[in-house]
Structures are given as structure tokens and as C-alpha cells.
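Just so you know, ligand 1 is whichever comes first in the structure, and atom 1 is the first atom listed for that ligand. Note that the structure is predicted; figures quoted are calculated from it, not measured.
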Amino acid sequence: MAEPLVCVDDFERFAFQVLPRNALDYYRSGADNQSTLKDNVAAFKRWKLAPRVLRDVSSLDLSTTILGHKISFPVCVAATAMQRMAHPDGEVATAQAAQAMGTAFTLSTIATSSLEEIAQGAPRVLRFFQLYIYKDRDITRQLVRRAEKAGFSALCLTVDTPFFGKRLADNRNKFKLPPHLKLANFEGLDFKSSGMSSAKEGSGLNEYAASLFDPSLTWKDIDFLKSITNLPIVLKGILTAEDARLAVDAGVAGIIVSNHGARQLDTVPATIDVLPEIVAAVKDRCEVYLDGGVRLGTDVFKALALGAKAVFIGRPALYALTYNGAKGVESLLQILQQEFASAMALSGCASVLDIQPCMLRHQTTFPA
Ligand code: FNR
């Protein structure tokens, strides 16, 4: 009998063995030399825990809120595109797992399941819609309208993607969506935006983005978005205190400190390393979340200690989906929940409010 999967890395190892090359390379890659890809994970290890003792951790409360919604623990699912390459149930299964675990799910604009399929397949999940703004603003208007109708609670506007980063393996593979799959949010709307059939050279996704996404976006476009919806807006892809302040000035409800899973600009810092400057700049004027490299319950704890309200996971969910659809993603989330509970208890925290910056030391503060 196969050994049970007991940690996030086990799901990754499994997926690496079974996913077809085109999909695996698309899921695992970072941009260029992938130095930020490694650093997103490694940086967590440079932050050391400073646990407190004798603080009654007999009963733990892992729950928190995001944008006023209660979640059972502070790990949510990030938007990752094209999940039906991992499993036939795709994003619907991932949403069902998030629903079962009482946490939030984010649907990508370029998903292989539609907004409506999520609403139908996981009607009780707290769901956010990740938005790319297309040159054709009517497409954006329609997507936003559909997100509202389908019960999505927020829009996560991705701001780090005027163009896609250069992912070498995708270029070598001439990555494209397998022909039996479609970008489901565009099906029936317009052929150009629902398929990705035109990769002549390099990655089909880069061609898709370059022809359809709007690279002229500025801070003014936040006003455009606010003018067409009352949904809270979260900016995904903030990496500096300067932009965090502009985001607050623009009136957003939240910021996701994210480098897009190291898939955009290589050699930017690991997200956990820039979280403190962003939290300090925001001064509680909006919620701050983090994604990138979260693989352990202690990573979640560290992000919260540095001021994040919650974290999002990207690749781990794809690998768990590959392993066993909705059940796989649920098991993965359970493992992260248990690890986070253990990190809290062993650090002397009975509730997430007890997690404090003084419970972390950066390794540079220790003598070499
Ligand atoms: C992504 N990410 C992403 N982000 C986004 O805003 N829209 C999208 O469609 C996608 N698609 C996507 C596909 C794949 C395969 C990956 C790995 C990532 C980025 C994602 O939301 C998140 O920022 C990172 O995945 C977080 O890093 P980890 O958890 O993968 O290390």
C-alpha cells in the first residue's frame, strides 16, 4: 500500500511523478532563473520562532476573519489558473475542499471552471474572484457582474501582470491549454479569449496575455473598478511600502503581499521578507495578506506574527488536487490546519490574537 501523505511536500512529490510535462512545468515554474522561487520558501526558514511557555494552550481557537467573514483558520486558497489540467473536477473540487474546511477560495479569471460552476458546485464557500483587466473593458464589466451574481465576496485585482513573466520551461514546451479544456469564464463569449490555440513560438499563455490583458493600467483604474462594483477590492501583487500606501489611498479593502509565486519578476524579495515594511506602511488601514512559499504550519504562524491577517496557498493546492481531487485538497488543508495548531500551541498562543511579532527573530540577529 502507498504510504500516506503527511506533509505539503509529500503532495508535491506525488504530483511531480504523475503530472504530464506540459502541466507540471506550467504549475511548478517561476520566472527566469527562478531565484525568487527558491527564496520564497527559504526565507521562511531564516525567521526563527521564539516560543513562550506556561500560557494555557489546552483549548485553541484558530479562527479569524477576512474582510469581515469568519474563516476556520487563516489559510486560504490562492487563484491559480487552469486547474483541470491537474484533475477533471478542477477549480470546483478545490472550492469544495475550501468549503469543507471553512476557508476561502479564489477563482482565477483564466480558470477552467466558470464563476457559475463554482457557485453551483460549492454554494457555501467564501469565494473571491481574481481579476485580470482586459483591454476590452466590456469583458471586465461582464466578469464583475457575473462575480456579483454568482455570490463572490470580493475582487482580487492582480496588479503585477501587465505582461506575463518569462517562464523558460513553458517557452520550451510551447505551453498551451490541452485542447479538451477551455478558459471557462469566456466560453461562448469570444473565441479569442476562451482558447489559447495560437502559440507559434514560446508560451501560448504569454501570447494570450500580451494580446488581451491591458498593460496600460494605472492607479486611476482602481477608480474605474470601484465605479462598476460595490464588491471590496483587494490588490494582489504589492511588494513595496510605497505601493502599499498608494493602495490604502486608493481605498482598497486589502492587499495581498505577493510576487505571483515568483512567476513574474525574478530576483524580487521573498514575500515574507517584505511583509514587515508593508504592514508598517499600512498601519491597519486595510487588511494585509501574504502568499508565496507557504508550505508549513510554522510558515503560517510566521506570516501572522509579522502582521498578515491570513495567507494564501497556490501550488500546494494544485498538487493536492492532482493527488485526489476535492479529497486531496481537503487533506492538504487539514494537514496545514493541524500544523498551524501545533505551531500555535507550542509557541504559547491559544488564539490567533496571541500571535505577536516578538515571537519571531530574524536569523541575522543571531551571531554567525
Ligand atoms: C498562479 N498565480 C496566479 N495569480 C493570479 O493572480 N492569477 C492567476 O491566474 C494565477 N495563476 C497561477 C497559476 C499557477 C500554476 C501558479 C503556481 C500561480 C499566482 C498565485 O495566485 C499565488 O500568488 C502563488 O501561487 C503563491 O505562491 P505559491 O503558494 O505557489 O508558492
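A cation-pi arrangement, defined by a distance under 6.0 Å to the six-membered ring centre and an angle within 45 degrees of its axis, is absent between R13 and Y319. Cation-pi geometry between R167 and F175 is not satisfied (NZ or CZ under 6.0 Å from the ring centre, within 45° of the ring normal).
With a 4.0 Å heavy-atom cut-off, ligand 1 is reached by the side chain of Q130 but not by its N, CA, C or O. Counting heavy atoms closer than 4.0 Å to ligand 1, residue A81 contributes atoms from both its backbone and its side chain. Contacts of T161 with ligand 1, taken as heavy-atom pairs under 4.0 Å, are absent altogether. Contacts between T158 and ligand 1, counted as non-hydrogen atom pairs separated by less than 4.0 Å, involve the side chain only. Within the 4.0 Å heavy-atom criterion, neither part of R28 lies near ligand 1. Using a 4.0 Å cut-off between heavy atoms, M85 makes no contact with ligand 1 at all.
Results of the side-chain contact (heavy atoms from CB on, under 4.5 Å) test with C349 over R52, M359, Q356 single out M359 as the only residue that passes. Partner Y132 forms a ring pair (Phe, Tyr, Trp, His ring centres under 6.0 Å) with one of F213, Y208, F186, F163 and no other, that one being F213.
Considering only non-hydrogen atoms, atom 7 (N) of ligand 1 lies nearest to Y132 out of Y132, Y27, Y26. Among A78, A79, G314, the residue whose heavy atom sits closest to atom 2 (N) of ligand 1 is A79.
Not a single heavy atom of M82 lies less than 4.0 angstrom from ligand 1. Remark: distances from the non-hydrogen atoms of L318 to ligand 1 include one below 4.0 Å. Residue contact check for ligand 1: N40 places no non-hydrogen atom closer than 4.0 Å to it.
For atom 9 (O) of ligand 1, the closest non-hydrogen atom on the protein side is S108 OG, 2.7 Å. The shortest contact between atom 4 (N) of ligand 1 and any protein heavy atom is with K236 NZ, 2.9 Å. Given atom 23 (O) of ligand 1, the protein heavy atom at minimum distance is D291 OD2, 2.7 Å.
Atoms of ligand 1 lying under 4.0 Å from at least one heavy atom of G292, given by number and element, are 26 (C), 27 (O), 31 (O). Within the listing of ligand 1, atoms 9 (O) sit less than 4.0 angstrom from a heavy atom of I110. The S258 neighbourhood of ligand 1 comprises atoms 23 (O), with distances under 4.0 Å to a heavy atom of that residue.
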Exercise. How far apart are the C-alpha atoms of R146 and E116, what are their side-chain angles, what is the distance that settles it, and do they pass the salt bridge (charged side-chain N to carboxylate O under 4.0 Å, His left out) test?
Worked result: CA-CA 8 Å; R146 286 168 61 196; E116 294 76 17; 2.8 Å; yes
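Ring geometry, F11 versus Y323: the interplanar angle exceeds 60°, so the pair is classed perpendicular (tilted spans 30 to 60°).
Here the shortest heavy-atom pairing between V234 and I255 reads CG1-N, 4.1 Å. The two residues L304 and P74 make their nearest non-hydrogen contact at CD2-CG, 3.7 Å.
Counting heavy atoms from C-beta on, the side chains of L265 and T267 never come closer than 4.5 Å.
Formation of a donor-acceptor pair under 3.5 Å by the K226 side chain with backbone atoms of A250 is found in this model.
In the displayed structure, R137 atom CZ is contacted under 6.0 Å by more than 12 heavy atoms of other residues, nucleotides or ligands.
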